[in-house]
There are 2 protein chains.
Amino acid sequence: MATGRNHRPATRSRGIPEATVARLPLYLRALTALSERSVPTVSSEELAAAAGVNSAKLRKDFSYLGSYGTRGVGYDVEYLVYQISRELGLTQDWPVVIVGIGNLGAALANYGGFASRGFRVAALIDADPAMAGKPVAGIPVQHTDELEKIIKDNGVSIGVIATPAGAAQQVSERLIAAGVTSILNFAPTVLSVPEGVDVRKVDLSIELQILAFHEQRKAGEEAAASGADVTPPPLRGGPAANRKGPDGDVPAVMPA
Amino acid sequence: MATGRNHRPATRSRGIPEATVARLPLYLRALTALSERSVPTVSSEELAAAAGVNSAKLRKDFSYLGSYGTRGVGYDVEYLVYQISRELGLTQDWPVVIVGIGNLGAALANYGGFASRGFRVAALIDADPAMAGKPVAGIPVQHTDELEKIIKDNGVSIGVIATPAGAAQQVSERLIAAGVTSILNFAPTVLSVPEGVDVRKVDLSIELQILAFHEQRKAGEEAAASGADVTPPPLRGGPAANRKGPDGDVPAVMPA
DNA sequence: TCATCTTTGTGCACGCGTTCACAAAGGCAT
DNA sequence: ATGCCTTTGTGAACGCGTGCACAAAGATGA
């Protein structure tokens with residue numbers, strides 16, 4: 001069963017922990033900013049502050065890449081930019097396709113951060129025939145029928161899914177069958193993919209719900225001693241009685 | 001120093017681990033789908049498969065909420081939907097504002113997943129005077145000058161930042177000063193916020209770079225015994241010599 | 001009522017990630 | 001050349017998250 005296996009597919013290969021990999025882009029961004037200001041070197045303390053992490057963590061992260069710093073001085077900005085770029089595979093060009101050119105897909109196509117770091121939008125794909133040929137962000141949208149051909153012709157290995165939830169699984173299967181092995185999924189669904197395929201998901205709704213949880217907790221804490229039923233009484237007072245019944249008493253909270 | 005402190009602000013308060021909180025929306029989504037199909041109960045195994053997680057993990061997650069299952073039977077779908085909704089704070093209405101109505105902001109405003117789960121777009125805010133009054137997703141865009149008033153009048157505590165990177169920090173400060181305590185940041189910057197404010201970030205560029213790393217590793221593994229210089233020779237052969245020089249030999253890889 | 005069968009809830013062990021704290025390393029001034 | 005001062009690199013401890021494996025609980029049927 002390869003049900004919804006997310007990242008953590010194989011960290012042990014070259015020794016760099018997954019958590020570290022996830023922070024490298026952060027460091028790279030901070031370093032690039034320093035590079036543009038022609039700053040020659042940074043200390044772990046300064047760079048950590050810029051990246052919003054602990055300096056010890058940063059040093060340990062870098063230690064996985066090798067000993068690239070100079071004691072008493074810090075890190076050479078240009079050199080580190082190069083090393084991290086190489087480690088992340090950003091010294092080569094990554095053609096990506098975006099599937100689903102709705103509001104979100106169009107926004108992604110227009111996103112500048114794409115082209116800047118080695119990623120190139122090779123094609124935009126949509127199931128709506130009316131979209132076909134219409135240019136978005138300067139790139140003509142192609143129909144889903146062309147998907148396999150596009151992937152193969154361009155050697156695409158990274159796909160971005162920005163379709164409605166209902167189409168995401170099927171799209172992912174077609175992408176994978178055509179040769180894609182990494183997927184960035186914006187659709188609110190759990191994708192089921194075979195082993196060896198990496199999936200990362202970006203889910204607005206989930207992020208908001210997590211924020212809501214903390215927000216509620218904050219509100220509950222400051223109104224601690226008030227009459228509000230924060231942390232309400234057990235509620236399921238009896239055994240397992242009332243909830244097996246006609247459950248008409250359970251507030252039907254969720255709209256959809 | 002409150003530099004870029006991300007989540008993990010206070011997990012210990014009510015005992016629910018952060019990792020569990022992050023999965024609750026996933027369970028909720030799967031449960032809602034079951035509810036719509038009028039499925040009365042699910043086993044941890046079934047639900048775990050639908051949510052793409054391990055069943056033991058799911059049971060442990062639920063155990064933090066209380067004992068809501070029935071041994072030998074499973075979990076009551078409706079009841080669980082209610083409990084998780086309540087735990088996440090979704091039984092109340094959360095007004096949110098979106099700042100920065102470019103391509104992405106507009107896409108977010110149009111995103112249906114917003115309204116469905118207790119979140120309501122209270123206002124759209126943009127710095128461009130030309131945008132003011134123009135309706136996006138049926139909601140008229142308001143100018144940044146109104147930001148503070150909007151936050152206070154609507155009791156907004158959650159803000160979404162979809163501005164360019166350069167404006168994000170300042171926008172976050174204004175949001176926070178006006179009363180916002182949770183921020184979802186789409187701008188590619190590290191936000192510096194005071195203690196007590198939660199920030200979650202969604203960063204397309206970072207996700208792609210992480211995928212690129214794994215993609216590169218895959219490519220390197222399968223071309224293991226070939227002549228390609230994957231895992232290239234140490235490269236910094238000498239001591240710290242060449243990288244302190246005029247560094248003209250370091251390929252200037254990063255464009256911007 | 002009692003036996004059987006299913007599924008939960010969780011004790012336990014393990015591994016990853018984070019942080020502390022410090023010795024080693026190197027630059028720099030005298 | 002030598003000693004001081006800064007900053008890295010990392011050993012070690014700790015805590016969180018995960019997954020196994022099983023006992024307890026309850027439903028179901030005879």
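Below, read A as the first sequence line, B as the second, and so on, with proteins coming before strands; counting in each chain starts at 1.
- Between the CG atom of B:Leu80 and the P atom of C:dT8 there is a distance of 11 Å, given to the nearest Å.
- When rounded to the nearest whole Å, the span between CG of B:Leu58 and P of D:dC20 equals 14 Å.
- At distances below 3.5 Å, not a single donor-acceptor pair connects side-chain atoms of A:Asn54 with backbone N or O atoms of A:Leu58.
- With rounding to whole Å, A:Lys57 atom NZ is found 22 Å from D:dT7 atom P.
- In terms of modelled atom types and a separation under 3.5 Å, the side chain of A:Lys218 and the main chain of B:Thr181 share a donor-acceptor contact.
- Using a 4.0 Å cut-off, some side-chain N or O of B:Ser44 falls inside it from OP1 or OP2 of C:dT8.
- One side chain, A:Ser44 or A:Arg59, offers a donor N or O that lies under 3.5 Å from an acceptor on the other.
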Quiz prompt | Protein-to-nucleotide contact annotation, 5' to 3' order, nucleotides 9-14 of chain C [B base; S sugar-phosphate only; - none; under 4.0 Å, heavy atom] | solution = BBBB--
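- Taking atom CG of residue B:Asn54 and atom P of nucleotide D:dA21, one finds them 12 Å apart after rounding to whole Å.
- For the atom pair CD1 of A:Ile210 and CG of B:Asp198, the computed distance is 10.5 Å after rounding to the nearest 0.5 Å.
- A distance-only check finds a donor-acceptor pair linking the side chain of A:Glu46 to the backbone of A:Ser43 [under 3.5 Å].
- Straight-line distance from the CD atom of B:Glu18 to the P atom of D:dG15: 19 Å, rounded to whole Å.
- Look at CG on A:Leu65: it is 10 Å from P on D:dG9, rounded to the nearest Å.
- Distance CD (B:Glu45) to P (C:dT8): 8 Å, rounded to an integer number of Å.
- Between the CG atom of B:Asp76 and the P atom of C:dT7 there is a distance of 16 Å, rounded to whole Å.
- Taking the six-membered ring for Trp, B:Phe62 and B:Tyr68 have ring centres at least 6.0 Å apart.
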